[in-house]
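This is a predicted model, so every value here is computed, not measured. Lettering follows sequence order; numbering is per chain, from 1. Just so you know, these numbers use all the heavy atoms, side chains as well, and skip hydrogens, waters and symmetry mates.
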Number of protein chains: 2
Amino acid sequence: MYEVFFRKFNEKIQLTEEEVTFVKQYLTPKKLRKKQYLLQEGDICRNICIVEKGALRAYILDEHGEEHITAFALEGWTMGDLSSFIKEEPAMLNIDALEDCELVLISKSAYIELLKVMPKFETYIRILMTDAYMALQKNMTNMISLSLEERYKAFIRMYPNIVQRVPQHMIASHMGLSPETLSRLRSRLNSRK
Amino acid sequence: MYEVFFRKFNEKIQLTEEEVTFVKQYLTPKKLRKKQYLLQEGDICRNICIVEKGALRAYILDEHGEEHITAFALEGWTMGDLSSFIKEEPAMLNIDALEDCELVLISKSAYIELLKVMPKFETYIRILMTDAYMALQKNMTNMISLSLEERYKAFIRMYPNIVQRVPQHMIASHMGLSPETLSRLRSRLNSRK
DNA sequence: TCAAAACATTGATATATGTCAATGTCCTGC
DNA sequence: GCAGGACATTGACATATATCAATGTTTTGA
């Protein structure tokens, strides 16, 4: 149980068997069926989740009620509305399952307790946050400095699994494009090679 | 010396006088004149910096050589190309001074050593990264879900000091707009009230 | 197994923003 | 103190992308 979670953990920080057992006490498994919600806008995000299996998306609704996908999460990725989790404020994000999912949840109290009693956990979180920040930064600089075509090609290169498993209009939404524009972009790219 | 740095630190984690003295050993002061560079694209970012006084900007050059400002930093803010600092890869960002600056630098070796020997430093960095991630996320969701006008009003509300101290065309660049478009947006807002 | 929904594509048109250019003002450094 | 540059504004025009609509295909669920 929790194989993916601990595989990811061990990539950053080695844990002994006892430590694994110890951490497991603080984790909760959760299954989610396709289209079910993990979090809805306005609720407080009570858990950080790690995807063991399946796929999630996070999206925000704009003033016209349009969905804008802010993130996908596949196996091994972390998902949640971090601001809501940390500050215990209403979430801006909606998170739902794109496929049937198996998740690992860390509650706020578990998070706080683990940070307090287990330095290796704090180190792991520090690294996780650093990596997440760098990834977001990278996305932002790509968004700013690349042409549409280059952005799409970079996305395919970076996240080939997402392109395979997620409908195209959601990728368009994630890139801030209409489905039509992405479709035309793709046909331009195909005709060119 | 390093007043701003330790004020910020103490807002998150209380330090004893001895701890302050200890941390000071790892810090280096640096002055920068307006328009001088702290970091240039292609170089490796050897230091994380905290602004004691003055203002910095970070920008990236796109394929046409156009500048796109990715961040500003005023007193108390942290600045650097984090990916370059952590991975010791060539930086994508250019960082220069918008005003004469006084900075505090933390070198990579100081960063690693402090993380190793001082749990409070690791906790501080963990919180810093978490906050930075949340702020970037917030910017991204604003970018996605708000109209231009709302984005500009949100920016003014959030960073009134930047609006006062930074030329308008740089704010346009930071918002991903041409200077003309921001100018027209502002005149629209003014005529309306 | 079939009907309905979800999805991708393509065309016609609308619109927001960028680009180019001209003008005037205000800094700023020599 | 003045000249040149940086900056903001405004107008005319170009262009990329959104929007609306129609069509065909694939997936899904009863």
Side-chain angles (χ1 to χ4, degrees), chain A residues 32-36 54-55 57 59 61-69 72 96-101 142-153 155-156 162-193, chain B residues 33-36 54-55 57 59 61-69 72 96-100 142-153 155-156 162-193:
Chain A
L32 217 57
R33 291 306 209 67
K34 185 171 176 171
K35 298 200 179 178
Q36 282 186 322
R57 68 166 178 166
Y59 66 91
L61 294 176
D62 69 18
E63 41 191 348
H64 307 298
E66 304 275 349
E67 291 178 5
H68 300 267
I69 294 177
F72 297 106
D96 62 7
L98 298 177
E99 306 171 359
D100 293 353
C101 282
N142 277 355
M143 187 92 102
I144 288 168
S145 67
L146 298 184
S147 68
L148 250 198
E149 283 189 18
E150 292 306 322
R151 272 172 64 204
Y152 182 63
K153 287 195 278 187
F155 185 82
I156 295 177
I162 292 182
V163 177
Q164 282 163 16
R165 283 162 66 175
V166 167
Q168 195 173 304
H169 72 275
M170 290 193 183
I171 293 176
S173 168
H174 184 252
M175 294 182 69
L177 300 176
S178 68
E180 293 92 336
T181 298
L182 181 57
S183 172
R184 282 185 255 260
L185 166 63
R186 281 163 50 86
S187 72
R188 241 183 298 143
L189 286 177
N190 282 326
S191 68
R192 203 174 297 166
K193 47 164 183 192
Chain B
R33 291 307 209 67
K34 184 171 175 171
K35 299 200 179 178
Q36 282 186 323
R57 67 165 177 166
Y59 66 90
L61 296 176
D62 69 19
E63 40 191 349
H64 307 297
E66 304 275 349
E67 291 178 6
H68 299 268
I69 294 176
F72 297 106
D96 63 6
L98 298 176
E99 306 171 358
D100 293 352
N142 277 355
M143 187 93 104
I144 288 168
S145 66
L146 299 182
S147 68
L148 250 199
E149 284 190 16
E150 292 306 321
R151 272 172 64 205
Y152 183 62
K153 288 195 278 188
F155 184 84
I156 296 176
I162 292 181
V163 178
Q164 282 163 17
R165 283 162 66 175
V166 167
Q168 195 173 305
H169 71 275
M170 290 193 183
I171 293 177
S173 168
H174 184 252
M175 295 182 68
L177 300 175
S178 67
E180 292 93 336
T181 298
L182 181 57
S183 172
R184 282 186 255 259
L185 166 64
R186 280 164 51 86
S187 73
R188 241 182 297 143
L189 286 178
N190 281 327
S191 68
R192 204 174 296 168
K193 49 167 181 186

Phosphate-side-chain proximity, B:T181 and C:dT17, N/O vs OP1/OP2 below 4.0 Å: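 Result: no.
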Short side-chain N/O contact to C:dT9 OP1/OP2 from A:Q168, under 4.0 Å: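 True: A:Q168 side-chain N/O within range (under 4.0 Å) of C:dT9 OP1/OP2.
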B:H68: partners by side chain to side chain donor-acceptor pair (under 3.5 Å), with sequence neighbours left out: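 With neighbours one apart ignored, the set is B:D62.
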N-O pairing of A:R57 and A:D96 below 4.0 Å: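 Counted as a salt bridge, because a side-chain N and a carboxylate O are separated by less than 4.0 Å.
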Round to the nearest Å and state the distance from [X] atom [atom1] to [N] atom [atom2].
X: A:R186; N: C:dT10; atom1: CZ; atom2: P; value: 11 Å
X: A:D62; N: D:dA18; atom1: CG; atom2: P; value: 13 Å
X: B:D100; N: C:dG29; atom1: CG; atom2: P; value: 10 Å
X: A:L185; N: C:dT9; atom1: CG; atom2: C1'; value: 14 Å
X: B:M170; N: D:dA6; atom1: CE; atom2: P; value: 11 Å
X: A:H64; N: D:dC20; atom1: NE2; atom2: P; value: 11 Å
X: A:Y152; N: D:dA16; atom1: OH; atom2: C1'; value: 19 Å
X: A:L182; N: C:dC7; atom1: CG; atom2: P; value: 14 Å

Sugar-phosphate, base or nothing in reach of A:L177, heavy atoms under 4.0 Å: sugar-phosphate
B:N142 and B:F155: CA distance, side-chain angles, deciding distance, side-chain contact (heavy atoms from CB on, under 4.5 Å) verdict: CA-CA 9 Å; B:N142 277 355; B:F155 184 84; over 6 Å; no
Residue pair B:Y152, B:R186: steps toward the side-chain contact (heavy atoms from CB on, under 4.5 Å) verdict: CA-CA 9 Å; B:Y152 183 62; B:R186 280 164 51 86; 3.1 Å; yes
Any N/O donor-acceptor pair, B:E180 side-chain to C:dC20 base, under 3.5 Å: yes
Looking only at the side chain of [X] (C-beta and beyond, no hydrogens), which of the listed nucleotides [options] gets closest?
X: A:L148; options: D:dT19, D:dT17, C:dT9; result: D:dT17
X: B:S183; options: D:dT19, C:dT10, D:dT10; result: D:dT10
X: B:P167; options: D:dA8, C:dG18, C:dT9; result: D:dA8

Nearest non-hydrogen partners of B:A172 and B:S178, listed with the distance: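 Smallest interatomic distance, heavy atoms only, reads CB-O, 3.8 Å.
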Passing option when A:E99 is tested against A:K34, A:R33, A:R165, A:K35 for side-chain hydrogen bond (donor to acceptor under 3.5 Å, both in side chains):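 The residue from A:K34, A:R33, A:R165, A:K35 that satisfies side-chain hydrogen bond (donor to acceptor under 3.5 Å, both in side chains) with A:E99 turns out to be A:R165.
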Candidate pair A:L148 and A:L177, rule side-chain contact (heavy atoms from CB on, under 4.5 Å), full reasoning: CA-CA 10 Å; A:L148 250 198; A:L177 300 176; 3.7 Å; yes
Toward the 5' end of DNA chain D, by each residue's nearest nucleotide, B:R184 or B:H169: B:H169
Between the protein and nucleotides 26-29 of chain D, list every N/O to N/O distance that falls short of 3.5 Å.
none

